[in-house]
Amino acid sequence: MTKRDIVIIGAGPAGLAAAVAAYNAGVKDILLLERDREAGGILNQCIHNGFGLHRFGEELSGPEYAGKYIDMLKDTSVTLQTGTTVLDISNKIVSAVSEANGFEQIEAKAIILAMGCRERNRGPIQVPGDRGRGVFTAGAAQRYLNIEGYLVGKRIVILGSGDIGLIMARRMTLEGAQVLAVSEIMPYTNGLSRNVAQCLDDFGIPLYLSHTVTNVIGKNALEGVVLSQVDENMKPIPGTEKHFDCDTLLLSVGLVPENELTRTAGIELDPRTKGATVGEDMQTSAEGVFACGNVLHVHDLVDYVSAESERAGKNAAKYVLDARSEDESKPLPITSGANVSYTVPQRINTANVEKAVDVFFRVRKKIRSGEIAVESNGERIATFKREYLAPGEMEKITLPKVLLDKAEGSITVAVNENEEVAP
Amino acid sequence: MYDVIIIGGGVCGAAIAMYLSKYDVKCCLLEKDNDIAIGTTRANSGIVHAGYDPEPDTLMARLNVRGCELIEEIASKMNVPYRKTGSMVIAFNANDEAHIRELYERGIANGVRGMELLDKEELLKREPNLSPDVTGALYAPSAAVVNPWRLCLAMAETAAKNGVEICLDSEVTAIEKINGTFRITAGGRELDTKYIINAAGLYSDRIAELVGAKDFTISPSKGQYYLLDKTSDWLVNSVIFQCPTEKGKGVLVSPTAEGNIIVGPNAESGNERDDVSTTREGLDFVAAEAAKTTKLIDYRENIRSFAGLRANSDKKDFIIGESALCRHFINVAGIKSPGLSSAPAIGEYVIEILEDCGMLLSEKSSWDFAEPHVCFAELSNEEKAEICKRNPKYGNVICRCNLITEGEILDAFNSHIKPRTLDAIKRRTGSGMGRCQGGFCGSKIHELICSYYGIPAEKVLWDKNGSYIVAGKVGADND
């Protein structure tokens, strides 16, 4: 068994940023495990631009963004081991397998979980119909197109208006495919508004809101799909069926944090985020095990993944270097109040806070104008005004230490609606 | 001239081929599709029934009980996913309880061992997640779950290893009778044989028609299912049936051999023979029926909905035997439930039938099962280390959800019946059958197929012929 100070699982944007931050915070013995052939994770297939505006102040493509972090790791002692799949984590022992090293076990002082997420597929959303070739998740089609160089189809319908689906609508159009429709079951899009404008509107691709796929036709290979309008309970309305002749249905219906290792390690998961519960230091319920990026909760922007992961890396380093506060006080849980579906972190140990804590959350519905209320023990400790809140866009508030010191028992984050969006 | 040609590469055809391969006979199995186990065998509940359902003194009763024993043996020899979970038939009222007592008596008559009638308390102790409305159950410990296509492949590979020719893409389109023998046209070839075994499943009446011996009709009955992620494995420990009705054994909730949970099927008649589409109504019906068994099913954990077709016939029992209308033409047809459970016993029984027809069978001096496939995920840490040293390709994980390695996929390529499609590899290894449904590993396996067969990516099939995965290379002429 080998020993390492920090083992990071996953060398996508989260793992890379965590590695850089942990190294810069003084830990030199870091092993970064990646199952793919190279570091970068999903960024490698995201060849469009729009990454890095917040983090680097410039617009980068996915591979360029990943490249920035890979460059930061050059000339450091961080070991990147690709082609390696982690099988199991138990008691800080990481079991992994690779073609180069075979089966190996590594004992770590700290572990950072950065496994990312996977796409929700046809199963959970139960699209009925035939099961021939031609139903792909948008990301799988993106990999075929941008990494392997193949178009999965020529006549495309996209279900779901998540960002990957929107990006793929434009990308496939540019490669000569015809995107016939983007269908979204909700009355609003789930992707970033800039993507709706740049990927659909600019190319005249029709967006069908409050519509879903109610049949998939084609025994061996897809021949068509049926779209139906849905009512306010998201039930298809008979008589609204529209048939589209197509050879491909792309699904862009959400991402799910990939926490199988976390679950089998017995680490507490939040049923709302489907990721681990963490404190302000990104530490999970298992001491010395940290989590960051899309394995923790699904982000809209990689820039936020990097920022979060740098926090995880820095705190993992602190943990290894034994530089953390001795304060054993109980962390304050953060609960989700009105219109808030979840928060990350889920708890704050105020004693560990240096200046401030960023709290990320999503709202349950579209809110044109809202007031974010932070309360503790029945008392308002902070108020933030925000315009245009939507489930598709993650919100962030920064709680300064001075405010947190006023908190007792627990902290609640709620959004009070000033005025509802007209339907 | 073949001694025997088997038509149909489902679980029955494969079982017959395996038992025939023990003898010195020139035998060939014809399958219309590009892989075996691709019809009824690939989409069913995967249950090895204990044998209390069939009426005593039927073929079904005898072959089910015997098949149940044989499957356990074959599964252990060939590393086929199999778990002896036992089964429960649950009751909700006095009528049901009378019914399960009847099943118990029938089970005794059929030779089923170890059955118990459980009261509510005992049932809920063993299956705490069932509906509180249950009143008792019939428990049968010999019932099991098996991966049906892996069972079929294991038997077909064993047949192939022992000299049976497996011919894929060989749809039988004509059969001519010539001086007491047959000339079969299949996949553009002509093959002569002394005996025909008609194990063509959903198409067996059409095959019988080709020799003018159609004295039965197949009417497909569709069943729809949900397959839940392994994260739902806490739900039930054994196969949970409701009381059977005229229409079938009803909606079950059961673990699968791999540790998922399966919920289904409904029963719809009047389908086309290749219609395995799911419908909202069908799936909703299944969910509503299953809710009687347990209210705790979370359908957000569903990883795949699918449908299969039962090859129901107009006869009550299985149709197994030499056709009354055509000499040396042996039907193995109308193999409805408990067909999977009975399959190996049907294989054994067909040998007896051939002997009764006057065929002289001499046993080979040596015969053995095909080599079992490695299942990397099931190995201990020490075994994992060892096998990676032997072949580093076992260290390269291709399917992350089910932990399937490149080594296992290469083993499949080198097996007796070579997989040619993405789905064929999925059936052999379990790749792409997990929660991401091939989202991550699909393109990697695609690449492995290209490199093994030396074919371009555009030529690789998803599943059946014509189902090309990609439409074309980027930058190529898009018209």
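Naming convention: chains lettered A, B, ... in sequence-line order (proteins, then strands); numbering from 1 in each chain. Predicted, not measured: the structure shown is a model, and the values here were computed from it.
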Query raised in the report: Backbone N or O of B/Cys436 within a donor-acceptor pair of the A/Asn121 side chain at under 3.5 Å?
Result: yes
(message) Is it true that A/Tyr144 and B/His446 share a donor-acceptor pair across their side chains at a distance under 3.5 Å?
(response) yes
Is [Y] close to [X] at the side-chain level, that is, under 4.5 Å between some pair of heavy atoms?
{"X": "A/Leu145", "Y": "B/Val474", "result": "yes"}
{"X": "A/Arg122", "Y": "B/Arg304", "result": "no"}
{"X": "A/Glu258", "Y": "B/Phe440", "result": "yes"}

Looking only at A/Gly218, A/Gly83, A/Pro128, most heavy-atom pairs under 4.5 Å shared with chain B are made by A/Pro128
Scored by heavy-atom pairs under 4.5 Å with chain A, the best of B/Glu386, B/Arg280, B/Gln437, B/Lys464 is B/Arg280
Contact list (residues 374-384 of chain B to chain A, heavy-atom gap under 4.5 Å, by number) returns B/Phe376, B/Asn381, B/Lys384
Residues of residues 401-408 of chain B with a heavy atom under 4.5 Å from any heavy atom of chain A, in residue-number order, are B/Leu403, B/Glu406
Turns out that what part of A/Leu87 lies under 4.5 Å from chain B's heavy atoms comes down to side chain
When the 4.5 angstrom heavy-atom criterion is applied to A/Arg120 and chain B, the contacting part is neither
Residue pairs meeting salt bridge (charged side-chain N to carboxylate O under 4.0 Å, His left out), one or both in residues 123-146 of chain A, sequence neighbours left out, come to A/Asp36-A/Arg143, A/Arg143-A/Glu148
When every non-hydrogen atom of A/Ala140 is compared with those of B/Gly439, the smallest separation belongs to CB-O, 3.6 Å
Report task. May I ask you to say whether A/Glu260 pairs ionically with B/Arg435, meaning some side-chain N is under 4.0 Å from a carboxylate O? Result -> yes
Can you give the donor-acceptor pairs under 3.5 Å from side chains of residues 447-456 of chain B to other protein atoms, not counting sequence neighbours?
from, atom 1, to, atom 2, distance (Å)
B/Glu447, OE2, A/Arg37, NH2, 3.3
B/Ser451, OG, B/Leu448, O, 3.4
B/Tyr452, OH, B/Phe413, O, 3.3
B/Tyr452, OH, B/Lys418, NZ, 3.2
B/Tyr453, OH, B/Pro419, O, 2.5

